[in-house]
Amino acid sequence: MTDTSLPQNAPRGSNSILATDARTKKRNAAEKRFRALGMGAIGIGLFFLIVLFTTIIRSGAPAFTRTVVDVQFTLTQAQYDEAEGTLFKTAAYADLFIAQLGEILAEQDVAADFDAESIERTLGKVGGTLREFYRANEDQLDQPVNFSLATSSRVDGYLKGRVTLEGIEDSRFLMASDLDLVDELQAAGVIKSEFNWPFITGADSGVDNPGGAGIGASVVGSFFMMLVVLALALPIGVAASIYLEEFAVQNRFTDLIEVNISNLAAVPSIVFGILGLAVFIQFAGLPQSAPLVGGLVLTLMTLPTIIISTRAALKAVPPSIREAALGVGASKMQTVFHHVLPLAMPGILTGTIIGLAQALGETAPLLLIGMVGFVARGYPDGFLTGFTEANSAMPAQIYTWAARADAAFYDKAWGGIIILLIFLMFMNILAVILRRRFERRW
Amino acid sequence: MMKDNADERIGVDAMDIKFAAKDVQVYYADNHAIKDVSVDILDKTVTAFIGPSGCGKSTFLRSLNRMNDTIPICRVEGDIRLDGQDINAPEVDPVQLRAKVGMVFQKPNPFPKSIYDNVAYGPRIHGLARGKAELDEIVEKSLRRAAIWDEVKDRLDAAGTGLSGGQQQRLCIARAVATEPEVLLMDEPCSALDPIATAQVEELIDELRQSYSVIIVTHSMQQAARVSQKTAFFHLGNLVEYGDTTDIFTNPRDTRTESYITGRIG
Ligand SMILES: Nc1ncnc2c1ncn2[C@@H]1O[C@H](COP(=O)(O)OP(=O)(O)OP(=O)(O)O)[C@@H](O)[C@H]1O
Ligand SMILES: [Mg+2]
């Protein structure tokens with residue numbers, strides 16, 4: 001039975017290219033089904049992505065705004081001298097502030113009743129803030145100055161809906177009556193919400209001051225760690241891959257190395273953490289909680305990723321290119337560096353950036369080397385101390401916040417996740433751009 | 001014309017052996033691809049390798065500049081001498097050998113770089129040019145010799161990989177001659193070329209013969225007859241017959257050679 005017998009049995013129309021025959025129909029249907037399946041898979045993926053992002057943004061957004069009380073305050077020279085003459089200087093400033101705030105509220109026809117304690121619970125130690133300002137800027141005396149005073153995190157939470165009147169118990173942090181004061185301040189229009197720069201630029205605060213906590217210091221910590229990873233993992237990884245792929249003879253030993261590198265890629269990151277603790281801190285005596293150690297541990301973790309992707313990129317370079325170079329008398333090294341490596345570059349860079357992104361989000365190994373759970377109080381003094389001074393890293397900071405009792409830290413954790421994701425997104429975009437750039441060359 | 005060439009060779013360079021191969025065996029793992037091949041390739045001569053597909057022409061050609069070293073499963077045995085020196089001796093650097101023995105591959109393989117850089121690469125790494133002007137000169141001369149200059153002179157910065165198949169092949173020829181090798185191995189250099197370009201490449205081969213030794217693998221009997229003075233016929237890994245091209249084509253001694261050139265096998 002051959003194809004030539006078909007036209008005789010089948011109707012003439014089936015021979016025309018204008019009519020689709022049964023086989024083609026079946027194949028087209030299969031193709032359609034497969035397309036639908038693929039689109040469905042992408043749809044599901046997108047759905048979860050959207051759910052993920054909306055949740056993150058909804059939960060994280062509060063961390064990016066803070067509530068401040070805007071007050072115009074004037075201090076005369078006489079008041080200044082008098083306040084500086086008293087025993088409880090900050091209390092004197094606080095009293096002056098309360099008096100002027102009362103006037104402002106009265107002007108707006110808002111009847112308010114508050115004392116120094118309720119002001120301290122809602123706005124923190126106002127007297128200290130004012131005194132510090134005027135001692136530093138005596139030229140600002142006798143003229144109105146605008147003060148933006150950050151409210152306490154509970155007041156902030158009240159205005160963001162996290163804290164409710166029914167839900168609070170009177171404590172030294174917040175009383176129900178303070179919320180009335182907040183309502184009155186709001187009625188007078190002195191309370192407003194603004195972008196929370198201190199969250200982006202600041203350092204972590206103690207457990208009792210969630211409002212002041214910022215992610216800036218740990219961003220710096222992460223940055224120094226990434227520097228270490230980039231400086232070590234990229235050259236070592238690429239050199240190892242080039243050697244294995246282009247120079248090493250294929251034998252049992254190189255096979256063993258290959259298997260082991262693949263195995264390393266699958267080792268849980270916490271194992272690298274405990275290795276780092278034992279080797280870098282306990283044995284080598286490097287400082288705890290230092291970005292240097294974190295970077296070393298993450299280098300160990302990132303190396304297999306970089307090696308595997310670099311080797312794949314080198315393998316993908318057609319052998320004819322190597323032959324061409326060798327054929328005109330190039331040495332092996334010239335062949336690799338002049339021809340093979342440039343062609344493999346997009347793959348290498350993509351692998352490296354994916355490895356770095358992975359390292360940036362890694363938390364578990366940092367737990368073990370002490371980058372979690374302590375308060376990073378500020379920025380390092382200089383570039384070099386940035387590597388050795390105790391610091392936190394973004395994911396570690398998020399973990400620390402999430403573990404704290406105060407619900408205000410919970411917002412901060414979500415906010416930190418947004419910042420982390422923004423960094424990761426930038427890195428991925430960079431990977432795409434670099435790949436395009438290097439691929440476009442020919 | 002063929003006869004002229006033969007006479008000239010016999011009169012001038014008969015004893016001038018460039019490559020001396022003796023009992024060469026090549027294995028790809030267990031596949032015995034070249035069996036007991038012994039052949040003397042003369043200097044200032046064009047030698048054609050002919051034979052059916054898969055008979056080992058490329059394999060033997062590649063063992064002359066140790067390109068087979070790059071194939072891990074490939075093993076070369078026997079004695080191959082270039083100007084009397086064993087090319088497989090441990091102290092021989094294959095890189096140096098390949099600078100002397102250039103190669104044009106069966107499949108065109110330009111670098112994914114500009115046309116200029118493709119040709120200039122060899123002279124650059126061997127330090128053949130003292131400056132940009134000299135390098136420009138080498139590039140132009142090589143492209144002219146490969147009969148491609150007129151087509152690419154206005155776009156030397158364009159990608160070599162963007163040329164047509166035949167142009168790429170000629171670019172590879174230009175790249176190979178740019179390093180001024182003593183021996184040029186050409187593996188089917190004209191398989192993708194039109195008759196005009198083929199004629200130009202053959203002209204180049206004839207010109208190269210003045211100073212170099214050229215070995216050309218070809219599937220075209222006419223081409224072998226046109227350009228070569230010596231012809232080697234391979235069959236199933238054996239060198240069946242080797243001799244003056246005129247003799248091989250007019251008076252083959254082996255029946256396999258005869259059937260091949262008359263089109264009965266292969
Ligand atoms: N890289 C390789 N690995 C394994 N076997 C190979 C390889 N290259 C060639 N061979 C084998 O060696 C034998 C000779 O191949 P070769 O390429 O030398 O033939 P050829 O005469 O050049 O053929 P063609 O005219 O088709 O180019 C063939 O049997 C082929 O299968
Ligand atoms: Mg071949």
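Chain letters run A, B, ... following the sequence lines, proteins first, then strands; residues in each count from 1. Every heavy atom of this structure was used, including side-chain atoms; hydrogens, water molecules and symmetry mates were not.
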With only heavy atoms counted, which part of B/Arg62 is less than 4.5 Å from chain A, the side chain, the backbone, both or neither?
side chain
For B/Tyr121 and A/His339, run ring-ring contact (aromatic ring centres under 6.0 Å, His included): C-alpha distance rounded to whole Å, both residues' side-chain angles, the deciding distance at 0.1 Å, then the answer.
CA-CA 11 Å; B/Tyr121 183 68; A/His339 302 286; 4.4 Å; yes
Taking NZ in B/Lys153 as the centre, count heavy atoms belonging to other residues, nucleotides or ligands within less than 6.0 Å. Is the count above 12?
yes
Using a cut-off of 6.0 Å, state whether more than 12 heavy atoms not belonging to A/Ile274 lie near its atom CD1.
no
Chain A contact via B/Pro110 - which portion, at a heavy-atom distance below 4.5 Å
backbone
Which residues in residues 306-334 of chain A have any heavy atom lying under 4.5 Å from a heavy atom of chain B?
A/Ser320, A/Ile321, A/Glu323, A/Ala324, A/Ala325, A/Leu326, A/Gly327, A/Val328, A/Gly329, A/Ala330, A/Ser331, A/Gln334
When you look at OH of B/Tyr27, are more than 12 heavy atoms from neighbouring residues, nucleotides or ligands closer to it than 6.0 Å?
yes
Flag yes if more than 12 heavy atoms outside B/Tyr28 fall under 6.0 Å of its OH atom; otherwise flag no.
yes
Would you indicate whether B/Gln96, at its atom CD, is surrounded by more than 12 heavy atoms from other residues, nucleotides or ligands within a distance under 6.0 Å?
no
Does A/Phe34, at its CZ atom, have more than 12 non-hydrogen atoms belonging to other residues, nucleotides or ligands within less than 6.0 Å?
no
